[in-house]
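Convention: sequence-line order gives letters A, B, ...; per-chain numbering from 1. This one's a predicted model, so the numbers in the text were calculated from it and none came from an experiment.
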Number of protein chains: 2
Amino acid sequence: MADGTSRLAWADVAAQLRGRHLRLTPQRRAVVAALAEFEGHVTAAQIVERCLEEDADFVPSTVYRTLHLLEDLGLITHIHDADGREEFQPAAEAPHAHLICRECGTTREIGADELGDFLGLLHRRHGFDVDLSHLAIFGRCVGCTRG
Amino acid sequence: MADGTSRLAWADVAAQLRGRHLRLTPQRRAVVAALAEFEGHVTAAQIVERCLEEDADFVPSTVYRTLHLLEDLGLITHIHDADGREEFQPAAEAPHAHLICRECGTTREIGADELGDFLGLLHRRHGFDVDLSHLAIFGRCVGCTRG
DNA sequence: ATAGATGCAAAACCTTTGCAATCGC
DNA sequence: GCGATTGCAAAGGTTTTGCATCTAT
């Protein structure tokens with residue numbers, strides 16, 4: 001996607017599941033819906049909470065299983081946030097990294113194009129292929145530096 | 001440090017502690033010694049294990065408390081590894097980032113000089129000051145790409 | 001002496017797992 | 001119906017916390 005905002009496409013989820021003889025259950029719908037709602041980086045806990053609002057019978061293990069399934073299907077990815085918790089995001093068609101402010105916790109996306117030759121440099125120099133969607137860059141954001 | 005290898009200086013630890021009326025206990029010595037031994041990125045669990053070898057009376061909570069204290073003092077920093085566990089390292093005088101292979105788990109250090117204008121770019125473009133020592137870059141290393 | 005540290009044990013947290021029951025296909 | 005999926009409940013692993021005791025300064 002050009003604008004950096006990635007959405008989890010229903011069609012993709014359905015297609016992937018059917019293609020592998022996996023099932024589209026209400027619980028999975030709910031998790032996907034929750035992911036779509038947040039439109040960005042979500043903690044597993046946030047998904048659990050959202051799903052519980054919808055249906056009190058929801059259970060965390062199902063959420064985790066679903067999230068890991070979606071990840072296996074290549075539909076979402078996860079990074080670990082500043083506190084070490086899993087934070088999921090739709091697998092963007094245009095992969096992007098995250099700038100995470102250690103002071104206010106704000107997360108901001110930046111695309112590969114904003115990294116300059118960073119990726120190429122690491123590849124040439126170390127033969128290292130960066131997994132951009134798992135790249136969490138910690139530091140201080142503008143606001144906190146000025147404030 | 002110029003060579004990228006950072007050591008935790010005893011003098012710094014002692015100075016910081018005394019300056020704040022904190023105490024240099026045997027347990028703290030042991031943790032610092034363990035950190036020095038590994039000379040790099042260490043898991044909290046590794047420190048605990050090492051300390052237990054020295055003295056069976058060691059207790060994990062003390063290790064965690066000490067590590068967090070050292071971090072507060074600015075002597076060490078930590079990142080979260082691929083599994084979300086805390087991984088500590090001496091606060092390098094020459095800060096460096098880490099290349100972490102998601103396949104084999106190998107970690108490799110790279111200095112600011114190897115990042116090209118990456119840091120400057122983020123600063124100019126987003127006003128974002130990267131905390132280099134918390135930068136964990138995930139991807140595939142040379143070995144795993146070739147293999 | 002006295003504030004700071006430790007050990008212990010328990011809890012908090014996040015995540016995973018086994019298994020019988022259930023339900024989508 | 002069959003096999004995938006769920007709920008439940010329990011366990012696993014990591015990190016934190018309260019409190020009485022101890023100790024470096």
Side-chain angles (χ1 to χ4, degrees), chain A residues 10 13-34 41-52 54-73 75-88, chain B residues 10 13-35 41-52 54-73 75-88 105:
Chain A
W10 259 112
V13 177
Q16 284 284 344
L17 290 178
R18 230 172 309 153
R20 307 193 191 210
H21 304 287
L22 302 177
R23 292 165 191 176
L24 188 43
T25 64
Q27 291 85 343
R28 287 181 179 167
R29 282 174 198 281
V31 170
V32 172
H41 334 89
V42 210
T43 294
Q46 287 178 289
I47 301 280
V48 172
E49 190 184 7
R50 187 74 195 81
C51 289
L52 277 173
E54 295 285 317
D55 180 348
D57 289 334
F58 239 94
V59 106
S61 56
T62 296
V63 173
Y64 281 101
R65 282 190 281 228
T66 300
L67 289 172
H68 292 327
L69 171 65
L70 292 175
E71 187 164 23
D72 284 346
L73 297 179
L75 298 169
I76 62 177
T77 60
H78 83 272
I79 58 179
H80 290 280
D81 68 14
D83 297 320
R85 286 172 209 127
E86 292 180 336
E87 192 170 292
F88 294 84
Chain B
W10 259 112
V13 176
Q16 285 282 343
L17 290 178
R18 230 172 310 153
R20 308 193 190 209
H21 304 288
L22 302 177
R23 292 167 190 174
L24 188 43
T25 63
Q27 292 85 342
R28 288 182 179 165
R29 283 174 197 282
V31 169
V32 172
L35 279 166
H41 334 88
V42 210
T43 294
Q46 288 178 288
I47 301 280
V48 171
E49 190 183 8
R50 188 72 194 83
C51 289
L52 277 174
E54 295 286 316
D55 179 348
D57 290 334
F58 240 94
V59 105
S61 56
T62 297
V63 173
Y64 282 101
R65 282 190 281 229
T66 300
L67 290 171
H68 292 327
L69 171 66
L70 292 174
E71 187 164 23
D72 285 345
L73 296 180
L75 298 168
I76 62 177
T77 60
H78 83 273
I79 58 177
H80 290 279
D81 68 13
D83 297 320
R85 285 173 209 127
E86 293 179 335
E87 193 170 292
F88 294 85

**Q.** Spacing between Asp81(A) atom CG and dC13(C) atom P, to the nearest angstrom
**A.** 15 Å
Q: Would you confirm whether Gln46(B), through its side chain, and Thr43(B), through its main-chain N or O, come within 3.5 Å as a donor-acceptor pair?
A: yes
Q) Taking atom C1' of dG4(C) as reference, at what distance in whole Å does atom CD of Gln16(B) sit? A) 17 Å
Q.
Please check: side-chain N/O of Asp83(A) versus main-chain N/O of Arg85(A), any donor-acceptor pairing under 3.5 Å?
A. no
Q. Where do Leu24(A) and Arg18(A) land on the side-chain contact (heavy atoms from CB on, under 4.5 Å) test, with the steps shown first?
A. CA-CA 8 Å; Leu24(A) 188 43; Arg18(A) 230 172 309 153; over 6 Å; no
(Q) Does anything in residues 60-68 of chain B come within less than 4.0 Å of DNA chain D? Heavy atoms only, and list the residues if so. (A) Ser61(B), Tyr64(B), Arg65(B), His68(B)
Q.
Please identify the 5'-most and 3'-most nucleotides of DNA chain D with any atom under 4.0 angstrom from a heavy atom of chain B.
A. dT14(D) to dT25(D)
Q: Please figure out whether Thr43(B) or Leu69(A) has its closest DNA chain D nucleotide nearer the 5' end.
A: Leu69(A)
Q: Over all heavy atoms of both residues, which pair between Leu35(B) and Phe88(B) is shortest? Give the atoms and the distance, please.
A: CD2-CB, 4.4 Å
Q.
Using a heavy-atom cut-off of 4.0 Å across all strands, would you classify Ala44(B) as base, sugar-phosphate, or nothing?
A. sugar-phosphate
Q) Roughly, in whole Å, what's the span from CG in Leu52(B) to P in dC8(C)? A) 11 Å
Q. Hey, does His68(B) have a side-chain heavy atom less than 4.5 Å from the side chain of Glu86(B)?
A. yes
Q: Let me know which of Ile76(A), Thr25(A), Ile47(A) forms a side-chain contact (heavy atoms from CB on, under 4.5 Å) with Val31(A).
A: Ile47(A)
Q.
Heavy atoms within less than 4.0 Å of DNA chain C: which residues of residues 18-31 of chain A have one? Give them sorted by number.
A. Arg23(A), Leu24(A)
Q | Derivation and outcome, side-chain contact (heavy atoms from CB on, under 4.5 Å), residues Arg50(B) and Phe58(B) | A | CA-CA 10 Å; Arg50(B) 188 72 194 83; Phe58(B) 240 94; over 6 Å; no
**Q.** Polar side chain donor-acceptor pair, Gln16(B) to Arg20(B), under 3.5 angstrom
**A.** yes
Q | Derivation of the side-chain contact (heavy atoms from CB on, under 4.5 Å) call for Leu17(A) and Leu69(A) | A | CA-CA 10 Å; Leu17(A) 290 178; Leu69(A) 171 65; 4.1 Å; yes
(Q) Measure CG/Leu17(B) against P/dA3(C) and give the value in whole Å, please. (A) 19 Å
Q: Look at the rings of His78(B) and His80(B) and say which category their plane angle falls in: under 30° parallel, 30 to 60° tilted, over 60° perpendicular.
A: perpendicular
**Q.** Protein-nucleotide distance (Asp83(B), atom CG; dC14(C), atom P), rounded to Å
**A.** 17 Å
Q: Over all heavy atoms of both residues, which pair between Val63(B) and Ala44(B) is shortest? Give the atoms and the distance, please.
A: CG1-O, 4.4 Å
**Q.** Earlier contact from the 5' end, DNA chain D, for His80(B) and Asp55(A)
**A.** Asp55(A)
